[in-house]
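A short write-up of the structure that comes next.
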Amino acid sequence: AQKVTQAQTEISVVEKEDVTLDCVYETRDTTYYLFWYKQPPSGELVFLIRRNSFDEQNEISGRYSWNFQKSTSSFNFTITASQVVDSAVYFCALSDLKTSYDKVIFGPGTSLSVIP
Amino acid sequence: EPEVTQTPSHQVTQMGQEVILRCVPISNHLYFYWYRQILGQKVEFLVSFYNNEISEKSEIFDDQFSVERPDGSNFTLKIRSTKLEDSAMYFCASSEADRRYEKLFFGSGTQLSVL
């Protein structure tokens, strides 16, 4: 069965600090996709990144970076030099072939507050 | 950037009433989805739709729910007889034909309150 765990329910950091959001996933499939979405206070869901299971390269996009480790089934997200605009709920998500790629399973989310 | 548009942004209804939530996906997208988020909880998949039929649905998507693409632009979610537990934010999403599993474009949601 698929499952996404985000153990950190809420995190508060002071602006300019680095913060890492943890994501651990479970799937019996060898072919799957992992995602991160951001939900700012305005409520919409904003795509951040997708990774497929065959690509373990870490990715950096500006202040954002992602660390995908199949050995520990983790897909962690780091924000460097956090800013107030980073305050949002962040969801890690998973879809796999056996369940259906159409069905994206979201984790419970981590609420990040960046304090000025 | 093109957007998925959802209307209304808020809908209040009485228990037992029918509601229709409307979405206009991005124009060249062919795959459409509904997700919901009960307040403070995780985002849950409801249904996916392609080529005028449901391709996948969750256990939540029972006989009270239906989806339709009535014309070339709209995608609707109907709840026939609303229950209190249907109160949630409902998100419509769409994806491109050749990038179906890469990225979902979400609308800003319709907050449904069932009284």
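These values consider heavy atoms only, across backbone and side chains, with no hydrogens, waters or symmetry-generated copies. Letters A, B, ... are given to chains in the order of the sequence lines, protein chains preceding strands, and every chain is numbered from 1.
Taking the six-membered ring where tryptophan is involved, the planes of A:Y37 and A:F47 are perpendicular, since the angle between them exceeds 60° and thus also 30°.
When heavy atoms are compared at a cutoff of 4.5 Å, B:F105 does not approach chain A at all. Residue A:Q39 touches chain B through its side chain alone, counting heavy-atom pairs closer than 4.5 Å. Proximity to chain A is limited to the side chain of B:Q37, based on heavy atoms less than 4.5 angstrom apart.
When each of A:F35, A:F68, A:W36 is tested with A:F77 by the rule ring pair (Phe, Tyr, Trp, His ring centres under 6.0 Å), just one qualifies, namely A:W36.
Using a 4.0 Å cut-off between charged nitrogen and carboxylate oxygen, B:K78 and B:E68 do not count as a salt-bridge pair. The pair B:E44-B:R36 meets the salt-bridge criterion, with a side-chain N (NZ, NE, NH1 or NH2) lying under 4.0 Å from an Asp/Glu carboxylate O.
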